[in-house]
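Counting begins at 1 with the first residue of the sequence. This one's a predicted model, so the numbers in the text were calculated from it and none came from an experiment.
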Amino acid sequence: MESPAHPSRPDVTTTEIVGGPEPLTVGLHPADDSWPATYREHERRIRTAIGSALAVEVEHIGSTSVPGLAAKPIVDLVVAVPDITDEHAYLVPLLAAGYRLRVREPGHRLVRTPERDVHVHVYERGAPQVDAYLLLRDHLRADPADRALYEQTKRDLLAQQWDDMNAYADAKTSVIEAIKDRARERQHGRGGA
(Lines give C-alpha, C1' and ligand atoms only; values in the text may rest on other atoms or scores of the structure.)
Protein backbone atom coordinates (compact mmCIF):
# COMPACT_ATOMS: atom_id res chain seq x y z
CA MET A 1 0.00 0.00 0.00
CA GLU A 2 1.25 3.48 -0.75
CA SER A 3 1.91 6.28 1.69
CA PRO A 4 -1.08 8.44 2.58
CA ALA A 5 -1.75 11.29 0.16
CA HIS A 6 -2.31 13.73 3.01
CA PRO A 7 -0.19 13.04 6.08
CA SER A 8 -1.50 14.34 9.38
CA ARG A 9 1.41 16.78 9.58
CA PRO A 10 4.94 17.07 8.25
CA ASP A 11 7.26 14.43 9.64
CA VAL A 12 10.12 15.31 11.96
CA THR A 13 13.30 16.39 10.22
CA THR A 14 15.88 15.60 12.90
CA THR A 15 16.80 12.59 14.98
CA GLU A 16 15.89 12.68 18.66
CA ILE A 17 17.41 9.96 20.84
CA VAL A 18 15.63 10.15 24.17
CA GLY A 19 18.16 9.72 26.96
CA GLY A 20 21.21 10.12 24.70
CA PRO A 21 23.80 7.47 23.76
CA GLU A 22 23.82 4.27 25.81
CA PRO A 23 26.67 1.78 26.15
CA LEU A 24 26.10 -1.73 24.86
CA THR A 25 25.92 -3.84 28.02
CA VAL A 26 24.45 -7.13 26.83
CA GLY A 27 26.26 -9.84 24.94
CA LEU A 28 25.17 -12.67 22.70
CA HIS A 29 23.01 -15.38 24.18
CA PRO A 30 22.32 -18.78 22.65
CA ALA A 31 19.06 -18.96 20.72
CA ASP A 32 16.21 -19.04 23.20
CA ASP A 33 12.93 -20.85 22.57
CA SER A 34 11.11 -18.15 24.58
CA TRP A 35 11.81 -15.39 22.04
CA PRO A 36 8.92 -16.29 19.69
CA ALA A 37 6.53 -16.33 22.68
CA THR A 38 7.80 -12.90 23.76
CA TYR A 39 7.16 -11.66 20.22
CA ARG A 40 3.58 -13.03 20.25
CA GLU A 41 2.92 -11.46 23.67
CA HIS A 42 4.05 -8.05 22.43
CA GLU A 43 2.25 -8.38 19.12
CA ARG A 44 -0.97 -8.88 21.12
CA ARG A 45 -0.07 -5.99 23.44
CA ILE A 46 0.56 -3.67 20.47
CA ARG A 47 -2.61 -4.66 18.63
CA THR A 48 -4.66 -4.24 21.81
CA ALA A 49 -3.12 -0.84 22.53
CA ILE A 50 -3.59 0.54 19.02
CA GLY A 51 -7.00 -1.06 18.57
CA SER A 52 -8.80 -2.32 15.50
CA ALA A 53 -9.53 1.17 14.14
CA LEU A 54 -5.96 1.45 12.86
CA ALA A 55 -4.82 -1.30 10.50
CA VAL A 56 -1.21 -2.18 11.36
CA GLU A 57 1.16 -4.91 10.29
CA VAL A 58 3.36 -6.46 13.00
CA GLU A 59 6.35 -8.75 12.36
CA HIS A 60 9.11 -10.35 14.44
CA ILE A 61 12.46 -9.15 13.10
CA GLY A 62 16.10 -9.17 14.10
CA SER A 63 18.26 -12.01 15.32
CA THR A 64 15.71 -13.29 17.84
CA SER A 65 13.38 -14.05 14.91
CA VAL A 66 15.88 -16.48 13.36
CA PRO A 67 15.77 -19.98 14.92
CA GLY A 68 19.20 -21.17 16.02
CA LEU A 69 20.87 -17.75 15.80
CA ALA A 70 22.65 -16.42 18.88
CA ALA A 71 21.43 -12.91 19.69
CA LYS A 72 21.39 -10.13 22.19
CA PRO A 73 18.34 -10.93 24.34
CA ILE A 74 16.32 -8.07 22.85
CA VAL A 75 13.23 -9.03 20.85
CA ASP A 76 12.66 -6.66 17.93
CA LEU A 77 9.31 -6.04 16.27
CA VAL A 78 8.45 -3.89 13.30
CA VAL A 79 5.05 -2.21 13.09
CA ALA A 80 3.84 -0.65 9.84
CA VAL A 81 1.24 2.09 10.32
CA PRO A 82 -0.79 3.99 7.71
CA ASP A 83 0.72 7.40 8.59
CA ILE A 84 3.94 7.81 10.58
CA THR A 85 3.10 11.46 11.29
CA ASP A 86 -0.19 10.55 13.02
CA GLU A 87 1.50 9.83 16.36
CA HIS A 88 -1.79 10.24 18.20
CA ALA A 89 -3.10 7.10 16.47
CA TYR A 90 -0.21 4.79 17.40
CA LEU A 91 2.47 6.41 19.59
CA VAL A 92 0.16 7.73 22.29
CA PRO A 93 -1.49 4.26 22.70
CA LEU A 94 1.91 2.51 22.76
CA LEU A 95 3.17 4.86 25.46
CA ALA A 96 -0.05 4.32 27.43
CA ALA A 97 0.57 0.55 27.14
CA GLY A 98 3.89 0.96 28.95
CA TYR A 99 6.40 1.33 26.12
CA ARG A 100 8.85 4.22 26.31
CA LEU A 101 9.94 6.43 23.43
CA ARG A 102 13.63 6.02 22.58
CA VAL A 103 13.99 7.38 19.02
CA ARG A 104 11.99 9.80 16.90
CA GLU A 105 13.50 10.40 13.47
CA PRO A 106 12.25 10.95 9.93
CA GLY A 107 10.09 7.98 8.95
CA HIS A 108 10.83 5.96 12.10
CA ARG A 109 9.90 5.79 15.75
CA LEU A 110 11.35 3.36 18.29
CA VAL A 111 9.66 2.51 21.54
CA ARG A 112 10.84 -0.12 24.00
CA THR A 113 9.96 -1.75 27.26
CA PRO A 114 11.31 -0.18 30.46
CA GLU A 115 13.46 -3.31 30.84
CA ARG A 116 14.88 -2.63 27.34
CA ASP A 117 14.30 -6.26 26.33
CA VAL A 118 11.77 -5.49 23.57
CA HIS A 119 12.26 -2.86 20.85
CA VAL A 120 9.35 -1.82 18.63
CA HIS A 121 10.32 -0.10 15.37
CA VAL A 122 7.46 1.83 13.80
CA TYR A 123 7.50 2.78 10.11
CA GLU A 124 4.91 3.89 7.62
CA ARG A 125 3.35 1.13 5.54
CA GLY A 126 5.35 0.72 2.35
CA ALA A 127 8.62 1.98 3.89
CA PRO A 128 11.59 0.17 2.31
CA GLN A 129 13.08 -0.46 5.75
CA VAL A 130 10.26 -2.89 6.55
CA ASP A 131 10.95 -4.94 3.44
CA ALA A 132 14.69 -4.87 4.22
CA TYR A 133 14.11 -6.25 7.72
CA LEU A 134 11.93 -9.05 6.37
CA LEU A 135 14.36 -9.84 3.54
CA LEU A 136 17.24 -10.23 6.00
CA ARG A 137 15.16 -12.27 8.44
CA ASP A 138 13.85 -14.66 5.82
CA HIS A 139 17.26 -15.11 4.20
CA LEU A 140 18.99 -15.84 7.53
CA ARG A 141 16.28 -18.39 8.32
CA ALA A 142 16.98 -20.17 5.01
CA ASP A 143 20.75 -19.79 4.53
CA PRO A 144 22.99 -21.53 7.12
CA ALA A 145 26.23 -20.03 5.72
CA ASP A 146 25.03 -16.42 5.95
CA ARG A 147 23.46 -17.14 9.35
CA ALA A 148 26.88 -18.37 10.60
CA LEU A 149 28.65 -15.37 9.03
CA TYR A 150 26.27 -12.95 10.70
CA GLU A 151 26.63 -14.63 14.08
CA GLN A 152 30.43 -14.64 13.85
CA THR A 153 30.42 -10.97 12.87
CA LYS A 154 28.36 -10.15 15.94
CA ARG A 155 30.68 -12.24 18.16
CA ASP A 156 33.74 -10.44 16.77
CA LEU A 157 32.18 -7.02 17.28
CA LEU A 158 30.92 -7.81 20.76
CA ALA A 159 34.47 -8.69 21.79
CA GLN A 160 35.04 -4.92 21.70
CA GLN A 161 33.69 -2.29 24.08
CA TRP A 162 30.92 -0.10 22.66
CA ASP A 163 30.09 3.18 24.40
CA ASP A 164 27.15 3.68 22.07
CA MET A 165 24.83 0.86 21.03
CA ASN A 166 24.23 2.69 17.75
CA ALA A 167 27.95 2.49 16.88
CA TYR A 168 27.81 -1.30 17.31
CA ALA A 169 24.78 -1.44 15.00
CA ASP A 170 26.57 0.72 12.44
CA ALA A 171 29.64 -1.56 12.55
CA LYS A 172 27.50 -4.50 11.33
CA THR A 173 26.17 -2.58 8.33
CA SER A 174 28.61 -3.77 5.64
CA VAL A 175 28.03 -7.44 6.49
CA ILE A 176 24.26 -6.96 6.65
CA GLU A 177 24.23 -5.18 3.28
CA ALA A 178 26.30 -7.97 1.68
CA ILE A 179 23.89 -10.58 3.07
CA LYS A 180 20.88 -8.61 1.80
CA ASP A 181 22.52 -8.35 -1.63
CA ARG A 182 22.84 -12.15 -1.74
CA ALA A 183 19.24 -12.47 -0.56
CA ARG A 184 18.05 -10.22 -3.40
CA GLU A 185 20.10 -12.21 -5.90
CA ARG A 186 18.55 -15.40 -4.58
CA GLN A 187 15.06 -13.89 -4.83
CA HIS A 188 15.60 -12.74 -8.40
CA GLY A 189 17.14 -16.06 -9.38
CA ARG A 190 13.98 -17.82 -8.19
CA GLY A 191 11.70 -15.28 -9.81
CA GLY A 192 13.34 -15.72 -13.21
CA ALA A 193 13.30 -19.52 -13.15
Side-chain angles (χ1 to χ4, degrees), residues 10-32 34-35 38-39 42 45-46 58-66 68-81 84-85 87 90-92 94-95 97-124 127-137 139-140 146-183:
D11 198 7
V12 296
T13 58
T14 60
T15 297
E16 173 189 6
I17 300 178
V18 178
E22 295 175 339
L24 180 59
T25 57
V26 296
L28 286 187
H29 289 232
D32 188 326
S34 72
W35 291 335
T38 300
Y39 158 72
H42 285 273
R45 183 172 165 183
I46 290 163
V58 184
E59 293 278 351
H60 189 186
I61 59 168
S63 295
T64 62
S65 71
V66 179
L69 182 60
K72 296 184 309 300
I74 299 170
V75 174
D76 286 288
L77 293 85
V78 66
V79 176
V81 298
I84 195 72
T85 69
E87 292 185 349
Y90 69 88
L91 186 58
V92 170
L94 290 174
L95 298 177
Y99 295 100
R100 294 187 179 159
L101 181 63
R102 173 66 177 150
V103 176
R104 178 186 278 124
E105 62 186 343
H108 175 237
R109 308 300 185 265
L110 171 68
V111 297
R112 64 185 181 186
T113 56
E115 301 80 16
R116 302 179 183 176
D117 61 344
V118 175
H119 290 181
V120 180
H121 301 266
V122 182
Y123 290 93
E124 192 161 284
Q129 296 90 335
V130 175
D131 290 338
Y133 279 128
L134 299 178
L135 176 73
L136 180 64
R137 178 198 68 189
H139 182 75
L140 291 176
D146 275 341
R147 187 169 52 247
L149 170 65
Y150 186 51
E151 183 172 316
Q152 188 57 52
T153 299
K154 293 191 301 178
R155 286 189 188 287
D156 293 346
L157 290 172
L158 286 170
Q160 304 171 39
Q161 180 177 340
W162 297 92
D163 295 330
D164 183 353
M165 230 173 138
N166 295 312
Y168 160 78
D170 290 344
K172 298 184 300 184
T173 299
S174 64
V175 171
I176 290 171
E177 289 306 316
I179 291 171
K180 287 192 297 191
D181 286 345
R182 286 191 291 280

Non-hydrogen atoms of I84 and Y90 that approach each other most closely: O-OH, 2.6 Å
Atom of A171, atom of W162 and distance for their closest heavy-atom approach: CB-CH2, 3.6 Å
Heavy-atom closest pair, residues R102 and G20: NH2-O, 2.7 Å
Flag, side chain of R112 to backbone of V118, donor-acceptor distance under 3.5 Å: no
N/O donor-acceptor pair under 3.5 Å between E59 side chain and V78 backbone: no
Backbone N/O of G107 and side chain of D11: donor-acceptor pair under 3.5 Å: yes
Aromatic plane relationship, H121 with H119 - under 30° parallel, 30 to 60° tilted, over 60° perpendicular: perpendicular
Separation of T15 OG1 from N166 CG (nearest 0.5 Å): 9.5 Å
Worked check of side-chain contact (heavy atoms from CB on, under 4.5 Å) between T64 and I74: CA-CA 7 Å; T64 62; I74 299 170; 5.9 Å; no
Steps toward side-chain contact (heavy atoms from CB on, under 4.5 Å) verdict (Y150, H139): CA-CA 11 Å; Y150 186 51; H139 182 75; over 6 Å; no
Over 12 non-hydrogen atoms of neighbours within 6.0 angstrom of CD in E115: yes
Salt-bridge criterion met for R155 and E151 (N-O under 4.0 Å): yes
Criterion side-chain contact (heavy atoms from CB on, under 4.5 Å) on M165 and K72, from CA distance to verdict: CA-CA 12 Å; M165 230 173 138; K72 296 184 309 300; 4.1 Å; yes
From CD1 (I17) to CD (E105), nearest 0.5 Å: 7.5 Å
Heavy-atom closest pair, residues L158 and V26: CD2-O, 4.2 Å
Check: Y39 side chain, V75 main-chain N or O, donor-acceptor pair, under 3.5 Å: no
Residue pair P73 / G27: nearest heavy atoms and the distance that separates them: CD-O, 3.5 Å
Audit row: L91, V122, side-chain contact (heavy atoms from CB on, under 4.5 Å) steps and yes/no: CA-CA 9 Å; L91 186 58; V122 182; over 6 Å; no
Reported CG-to-CG distance for the pair L157 and L24, which is rounded to 0.5 angstrom: 10.0 Å
Enclosure of R182 CZ (heavy-atom neighbours >12, cutoff 6.0 Å): yes
R137 side chain to H60 backbone, donor-acceptor under 3.5 Å: yes
Distance (rounded to the nearest 0.5 Å) between L140 CG and I61 CD1: 12.0 Å
4.5 Å side-chain heavy-atom contact, V12 and R109: yes
Criterion side chain to side chain contact (heavy atoms under 4.5 Å, CB included) against H42, the qualifying member of D76, T113, V79, D117: T113
Heavy-atom closest pair, residues P114 and G98: CD-O, 3.5 Å
Nearest-0.5 Å distance that lies between atom CZ in R45 and atom OG1 in T38: 11.5 Å
Expected output: side-chain K154 to main-chain A70 donor-acceptor under 3.5 Å: yes
